[in-house]
Protein chains: 2
Amino acid sequence: MSGTKPRVLVIGCGFGGLETVRALSKAEVEITLVDRTNHHLFQPLLYQVATAGLSAPAVSAPIRHTLRREMKRGNLTILQAEVTGIDAGARQVTLDGRETLDYDHLIVAAGATHSYFGHDDWAVHAPGLKTLADAFNLRARVIGAFERAERCTDAAQREPWMTFVVIGAGPTGVEMAGTMAEIAQHTLPQEFRRIDSRRTRVVLLEGSERVLGTFVPSLSARAREQLTKLGVDVRTGCKVTAIDADGVSYESRDGDATRTQRLPSKTVIWAAGVAGSPLGRSLAASTGAALDRAGRVVVEPDLSLAGHPEIAVIGDLAAAKSYGTGEPKPVPGVSPGAKQMGRVAAANLLRRLRGDATRPFHYVDYGSLATIGRKAAVVDLTVPGLGALRFAGYFAWLFWLFAHIYFLIGFRNRLIVMIDWAWAYWTYERNARVVAEPAAVLTNEAAATLGRPPATPP
Amino acid sequence: MSGTKPRVLVIGCGFGGLETVRALSKAEVEITLVDRTNHHLFQPLLYQVATAGLSAPAVSAPIRHTLRREMKRGNLTILQAEVTGIDAGARQVTLDGRETLDYDHLIVAAGATHSYFGHDDWAVHAPGLKTLADAFNLRARVIGAFERAERCTDAAQREPWMTFVVIGAGPTGVEMAGTMAEIAQHTLPQEFRRIDSRRTRVVLLEGSERVLGTFVPSLSARAREQLTKLGVDVRTGCKVTAIDADGVSYESRDGDATRTQRLPSKTVIWAAGVAGSPLGRSLAASTGAALDRAGRVVVEPDLSLAGHPEIAVIGDLAAAKSYGTGEPKPVPGVSPGAKQMGRVAAANLLRRLRGDATRPFHYVDYGSLATIGRKAAVVDLTVPGLGALRFAGYFAWLFWLFAHIYFLIGFRNRLIVMIDWAWAYWTYERNARVVAEPAAVLTNEAAATLGRPPATPP
């Protein structure tokens, strides 16, 4: 087999997979990239598709187009398929339950899905936001809720349709809640006859005591202020106990006692927990690797698996640590983390091929950003040499805007997003509101009436 | 009931319904507009969404936004619902099978769907193109076919995935076939490793002897030339006899004999026959109105129904005639026809309210346009005072381009389309190629393997 290039299989073309392929492209390897979809998704802006602020082409790009330069080098094959099993012993994966694909080296960047903390039955009532399909589904449900409210002749019937609950006050939940409050207050008011969209309730439920818990307390407080100013009803210290087609039940502490409350709502959005892709379990079964509580695969310092140096796991599927001075620190599940892991996994693979020692992963944390609405955001940066730089409000929002445009993949996407946002800014219009599906498939209730299958759970 | 404004119910917000609402907006009437979807669709450009040349927001707009000025006048209610039955005797419609809505006057603009000439089982294998949902489905299938072809290691297995059949050589079929040939020749070649997309076959099957049969023979011939130059295999005189998951069978005349041929293809697109919306049958049952062979409702010269002057049917659902000098002529199912009928139906309704006589419908035919590819189109205009103006080729294409941009609803849509088209023109890129659904739901075959429900029939 001398002369045959090593076969590297990369699973997933999110931030991690994409960086890996780009970093390996010029090396003497034969790369196969497999993804279930045909596109690379800029996940940080996915909530904008869900809230009709941006169209799908603004936050995604066909993967074949994104990797066209790498394709020209002649050592990359892209296949759209779902990896249904991994056999580490045979160095083989199964595609769509029937085809096999051999590899010499494997990099698994399959990402994360949602965790419902053991209550998987909540998924159909409280969809999450991880993929474009999720975003379309959520958008249809949010828009559909206002349309259903308009159909009601009875005020009592109308209220659950005009109550939106977002569960989980991390960046995604905060962004969703803030944006939905804006839509209700500014975009929709003139457009309905019977309902007054300004009477919409957006409730943000969070189990811990702070919103944006991973930010410093001062920024959490600023974010909470901004949300409240936008009209979001922020309820911290509230743990969800039940979700069904008609609403949410949650527990909150009242002095020493625990109170259970009920929130009738037809549109509940899950932004609370993530879990590693099911491929994590396949890997664990096949390699003996451990999974953490969130189903992420525990990796060695160099991102490989114990006993399987030819396999690396990166991105949201990996429970990785950052090694530097001091104690190893967990790596947050954010895009820069996935990208850095992709580059390091690729570099380590090439070192292994050369017979060199691999290096441990060191995460460079540039900081965090979260936006709350049209003119509000919080920024927590770590600037080398300067230290921490924290600010909130309008300037933070401008920073957030330009940072996201900068990191978008591709000039065209940047152009579209800038145009879409400029338009929306000046007009408050949300023209990404068009929903392809007719009314009957928007809600499970309507679907049941007409005998059609309900919207599929994420 | 004196002082109560007459209640006008308009069903459908396509070209016909939209014009009707706009024409009635300033009158002393209470208008309710009902549509299954939340958007107005610019159908002439729908094929561009299906072939990934434009994104959905470019060819559609939320109806509430489009009618915002009319909403301000305070006499318009828009409801998103499906009209499931019409009871002309009670002057009532049923929404979603359970709610009723009363009216004094009814204008039905529910449009058309596809006719499979009695072979409804063909629908799941050969989807048509009437709605945005259809366009997304087709786009996913076309893109998915290339992805499936790339997965094949066997050339024989690959061929049906790289053979696309369009049935029906009217404007939609011609536009689809021409565009798909372009994608295969220009957009995709560098992006695949195993397949050579230039070896794609696009076959256009037409039962009659000409493409664009409603145009004059000289323009039909020019269109056929342009299609062939683009690489489309045009087969006229071919009548489809069977369609299944693996391809199409058709009959053609060979001298005096009839030959049956088989075309293996995994992607068959139906552009051959239209039928009136099923609401036509509801109307016929309720009013005794006649339906023509295509399920369209036969209307009086003033667009109302015999015996029911309070009901008018317009647009693609109406079998209307144009009255002027000479014999009444059938009205073609095109956008200008629907718009003119909308305006006349509204005017006649107001005449009836005033006690005046209604007027018969006269269709002003400005001509026809059809585009074939990036730089080719045929134009057949009737210019008042000048007569017929016919041309084809590059200049016709520029005319087609600007005419469509002109008629798009809304400045924003025009801006997006111009940008999208300018980009695509310069780069041959088709960034509307992102498909939300993962691989497993793209084709019925893959769906069966994974136990998921197949893509729903149109």
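Naming convention: chains lettered A, B, ... in sequence-line order (proteins, then strands); numbering from 1 in each chain. Worth knowing before you read on, the calculation uses all heavy atoms, side chains too, and leaves out hydrogens, waters and symmetry mates.
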Begin from the C-alpha positions of B/Glu150 and A/Ile78 and carry the test side chain to side chain contact (heavy atoms under 4.5 Å, CB included) through to its verdict.
CA-CA 8 Å; B/Glu150 180 78 345; A/Ile78 299 173; 5.9 Å; no
Report task. State, with a plain yes or no, whether a side-chain heavy atom of B/Glu99 is found less than 4.5 Å away from one of A/Thr153. Result -> no
Okay, B/Leu76 and chain A: the region with an atom under 4.5 Å from a heavy atom over there is backbone
By salt bridge (Lys or Arg N to Asp or Glu O under 4.0 Å), B/Arg193 pairs with (sequence neighbours left out) A/Glu30
Heavy-atom closest pair (B/Leu79 atom, A/Glu147 atom, distance to 0.1 Å) is C-OE1, 4.5 Å
Q: Ignoring hydrogens and angles, tell me if any N or O in the side chain of B/Arg151 forms a donor-acceptor pair with the backbone of A/Gln80 under 3.5 Å.
A: yes
Item to check | Exceeds 12 heavy-atom contacts within 6.0 angstrom, atom CZ of A/Arg69 | outcome: no
Answer key: most heavy-atom pairs under 4.5 Å with chain A among B/Asn75, B/Ile63, B/Leu67 is B/Asn75
Those residues at least two apart in sequence (or on a different chain) that pass ring pair (Phe, Tyr, Trp, His ring centres under 6.0 Å) with B/Phe146 are B/Phe164
